[in-house]
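See structure below.
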Amino acid sequence: MDFLKDLNEVQRQSVEYIDSPLMVIAGAGSGKTRVLTYKIAYLIQKGWKPYNILALTFTNKAAGEMKERIAHLVNPAYARQVWMGTFHSVFAKILRREAEKISYTPTFTIYDTEDSKKIISDIVKRMNLDDKNIYKPTSVLARISDLKNNLISPAKYETLPNLISEDRYRKREHFVDVYKAYQKQLYRNGAMDFDDLLYYTNVLFRDFPDVLDKYQNLFQYILVDEFQDTNFSQYLSVKQLAKNHQKVCVVGDDAQSIYSFRGADINNIVTNFRKDFPQHKLFKLEENYRSTQHIVEASNAIIKKNKNQIPKKVYTNNSKGEPLFLYACTDENHEAHIIAKEILSLINKGADYSDMAILYRTNAQSRVFEDVFRKYQIPYKIYGGMSFYQRKEVKDVLAYFRVVINSKDEEALMRIINFPTRGLGDTTLEKMSNYAYDNQISLFELMQNVRLLQNELNISNKQTAVIENFVANIVGFRNNLFEQDVVTLAKEILDFSGIIKYYESSPTEENKERVLNIKELINAIEQFSATERTLPEEQTMNENQLPAFRTLEEFMREVSLLTSQDEKDVLNMSPKVLLMTIHLSKGLEFPYVFVTGLEEGLFPSSRTMFEDEIEEERRLFYVSVTRAKIRAHLSFAQKRFINGRSNYSVPSRFINELPQELISVQTDMPNRRQYISSDLDSSNIYFEKTNKTESPRKLVSVHQATKNNSEANYSAVQNKDLEKGHVIYHDKFGKGTILEISGKWPDSKAIVHFDAHGQKVLLLKFAKLEKIQ
DNA sequence: ACCGAATCACTTTTT
DNA sequence: GTGATTCGGT
């Protein structure tokens, strides 16, 4: 047990305490992962069976890293047996095992968002509803997801008048029909979406007490990472599993809860856990090992403004360090130039490109950094972005595999049925789809009987032959699913698909790239086939007799839950400055961090209207600053192109919330004239001549300048110009006419008559109104 | 079936 | 401004 000496007092207590439910509040950089991994190692050393430990994370990456670290502390064979993974992957394993209870097959397909949207789009079109505005697949899916995360089925929805009137209010009274049809289609396809994995697990636990009992006994100790980001559905499943033995440890930081827009509920960590586990013990990891004192102080000051939080005092014994650097910029181009220069100066001082990260609120902001960094020849890499497994050509190949495994998977089938082209046009497909839909059989079943139905379907001999051939091949592959190893079978299917030939027949750059990606996929399959089965259930439960080799079906199980961050470790590649959204930066750390675009309307986002949303933006700011180990650079621009038009904005209110003595304003621009347009220059208080480090007086002036501006202008500068009689547009309420304006800015209100929603009173500084006439 | 023009929409996104 | 999607012509 000597590894415990690596821990500080609270960390060690958090590791050793197992008597009752435990909540560990882990401030940024306080060694959270260390506590989790050591705790699991500790449990194992104490004699707990590794397969009786369940550790739930939010990313595969986090799970993988933890597994690796545990393997250094205990026998690696034990480390592998721990049930460690994302909520989704662990629950998917449970659901496959228990599939028949909820009348699914164990080989069900997991649909990604693209598949889901496609289904919704088809449904909306079939129902003759408007898919441009009211029933946009993205927003319908968002609402469905929201409901599922709160365990509200279509049937349950119909018992909740609030929800019904919400949709009626938005002229979406058929929403529940779409929801029903969507669930039905998923079921017919033998598929679940991401949220279903959580939803059905809860259903399973609710409706099958023996199943719940089984998993309560299996998971004798439960750990949850990033607890602040759990949604209702995730929390309930944990609560159910831990209900009897109460052996549960949740770790998280309420100050870093930044995913509420995806259903995460900060109250799980702030209040719910305490209420539901009254016997719990609470530890707070408050020593920060990551950042300088100034960074820690600044971040404490940021988060202090939030009301909804668990009190804590994060401190560090690290050196004081430098102040936070604040760059005032004229526009986004200027911002990128200043940062590029600062990067080069850091490089000159011996830093490495990989020591630096550029953080931004929205993905669109990355573009200008790319352009400017290319000019300065600064190597960079955008972290995140499209996953390898989301690329069209990869998804197409996977669609072939999906159909072989689960021929009911109609999304996959439709994707490949005529790609590459094999002479089945829209008309034929429509005839078949309609027939299948009307007769409630799957499209694949119909295709298997195409010869018999040829006359009824009114399709030609040629097409009938094509379909027969296609079906025969798929069935042949399916029969080999457990006879052939994954590599052999995958290559045969790929060959049959003709996708590579198709792309090679017109070798554009893009197509060559696609062929390479497909080869990369085969490469990944080969790597997978060399791995051994390490899932804990093989040790604990009777598995169906599996062949000695790895199967295609097993590969597909793993692939469906991978994301872009799970691919080759971008962080370990040749030194590059990393560009990413603040959301993606959570959990990472860098010596030098640039937090960019600190402007009202961008960060905090103009979409935020309510106090809790501002608090979430503030937590986002907290996350961004606490990524920095040595130095944090902040920047804002006066003018920025957003959505194709130039916007003037004022510095973010978050800048004012920082203690001014911790900030050094930088205007390191010997040739600043080239960036500053003359009309701005004279009135530009931010660009008073200063050099490297500011004198205190200048600091005050900047501080006040930002303060005055942001308080006066808040998010919607343009609203100042509104007058009685103007026709405006509002995101939620639509078109309306201003009947009256009252009060003095910034407290002025408008009474607006909306065409669709009648009269409303709006506070101008918050309401996002766009003048149309 | 495919290409180019027109149109649109647009925070964040661990699964 | 950009990228994705859809539509309409060949």
Side-chain angles (χ1 to χ4, degrees), chain A residues 56-65 85-92 110-114 116-118 121 131-133 136-139 141-142 145 148-149 192-199 225-226 228-231 233-234 252 256-264 332 359-368 370-371 383-387 389-390 392 418-427 506 559-566 580-588 597 601-608 613 616-617 619-621 623-624 640-647 731:
Chain A
L56 295 167
T57 64
F58 275 81
T59 60
N60 297 303
K61 193 164 154 258
E65 280 169 8
T86 62
F87 275 90
H88 292 83
S89 69
V90 170
F91 288 4
I110 297 170
Y111 276 5
D112 66 14
T113 331
E114 192 189 336
S116 297
K117 281 185 194 162
K118 183 78 192 343
S121 162
D131 64 340
K132 293 273 144 36
N133 301 301
K136 250 189 299 180
T138 314
S139 47
L141 182 62
S145 170
K148 280 189 192 170
N149 286 331
M192 293 192 192
D193 67 15
F194 290 137
D195 303 312
D196 281 337
L197 298 173
L198 309 174
Y199 176 84
D225 189 17
E226 306 279 15
Q228 76 282 357
D229 289 328
T230 49
N231 61 36
S233 166
Q234 288 164 326
Q256 297 184 62
S257 165
I258 55 174
Y259 281 103
S260 76
F261 68 92
R262 285 187 62 226
E332 70 274 24
L359 309 184
Y360 36 75
R361 181 67 180 79
T362 66
N363 282 309
Q365 289 165 255
S366 71
R367 179 164 198 86
V368 60
E370 293 187 71
D371 292 346
Y383 184 66
M386 186 159 36
S387 160
Y389 290 99
Q390 311 252 60
K392 181 195 180 306
N418 196 35
F419 180 82
T421 324
R422 47 173 70 84
L424 300 174
D426 291 346
T427 342
S506 64
V559 155
S560 46
L561 291 167
L562 291 183
T563 69
S564 56
Q565 275 108 72
D566 302 320
M580 69 188 87
T581 62
I582 299 166
H583 283 90
L584 281 185
S585 76
K586 199 181 69 174
L588 305 176
L602 181 62
F603 190 14
S605 161
S606 58
R607 304 268 174 127
T608 58
E613 291 172 327
E616 176 140 327
E617 296 281 313
R619 291 193 292 269
L620 207 45
F621 186 43
V623 167
S624 63
R640 180 181 296 274
F641 259 87
I642 294 174
N643 300 343
R645 57 162 40 101
S646 189
N647 290 79
D731 261 4

Mind checking [X] for me? I need base, sugar-phosphate or nothing, with any heavy atom below 4.0 Å counting as a touch.
X: A:F87; answer: nothing
X: A:E613; answer: nothing
X: A:N363; answer: sugar-phosphate

**Request:** May I have the step-by-step check of salt bridge (charged side-chain N to carboxylate O under 4.0 Å, His left out) for A:R361 and A:E617, ending in yes or no?
**Result:** CA-CA 9 Å; A:R361 181 67 180 79; A:E617 296 281 313; 2.7 Å; yes

By side-chain hydrogen bond (donor to acceptor under 3.5 Å, both in side chains), which residues pair with [X], not counting sequence neighbours?
X: A:R619; result: A:E616
X: A:D112; result: A:K395
X: A:K392; result: A:D396
X: A:T113; result: none

Under the ring pair (Phe, Tyr, Trp, His ring centres under 6.0 Å) test, residues paired with [X] that sit two or more places apart:
X: A:Y111; answer: none
X: A:F641; answer: none
X: A:F194; answer: none
X: A:F58; answer: A:F87

**Item:** Set of side-chain contact (heavy atoms from CB on, under 4.5 Å) partners for A:S121, sequence neighbours left out
**Value:** A:K125, A:P137

**Minimum side-chain heavy-atom gap A:E332-A:Q365 below 4.5 Å** = no

**Asked** Is any side-chain heavy atom of A:Y360 closer than 4.5 Å to a side-chain heavy atom of A:I582?
**Response** no

d([atom1], [X]; [atom2], [N]) in whole Å:
X: A:H88; N: B:dT14; atom1: NE2; atom2: C1'; result: 9 Å
X: A:Q256; N: B:dT14; atom1: CD; atom2: C1'; result: 14 Å
X: A:Q228; N: B:dT14; atom1: CD; atom2: C1'; result: 11 Å
X: A:L588; N: B:dT14; atom1: CG; atom2: P; result: 13 Å
X: A:E114; N: B:dT13; atom1: CD; atom2: P; result: 17 Å
X: A:L602; N: B:dT12; atom1: CG; atom2: P; result: 10 Å
X: A:E617; N: B:dT12; atom1: CD; atom2: P; result: 11 Å
X: A:R619; N: B:dT12; atom1: CZ; atom2: P; result: 18 Å

**Request:** Please measure how far the P atom in B:dT13 lies from the corresponding atom in C:dA4, and state the result in whole Å.
**Result:** 16 Å

Under 3.5 Å, which N/O atoms of the protein pair with N/O atoms of nucleotides 1-4 of chain B?
from: B:dA1; atom 1: OP1; to: A:N418; atom 2: ND2; distance (Å): 3.3

**Item:** Span of DNA chain C in contact with chain A (heavy atoms, under 4.0 Å)
**Value:** C:dG1 to C:dG3

**Asked** Does the side-chain ring of A:F261 sit on the six-membered ring of the B:dT12 base, less than 5.5 Å centre to centre and under 30° in tilt?
**Response** yes

Polar pairs (N or O, both sides) under 3.5 Å between protein and nucleotides 5-10 of chain B?
none

**Request:** Tell me whether the OP1 or OP2 atom of B:dT13 has a side-chain N or O from A:T113 closer than 4.0 Å.
**Result:** no

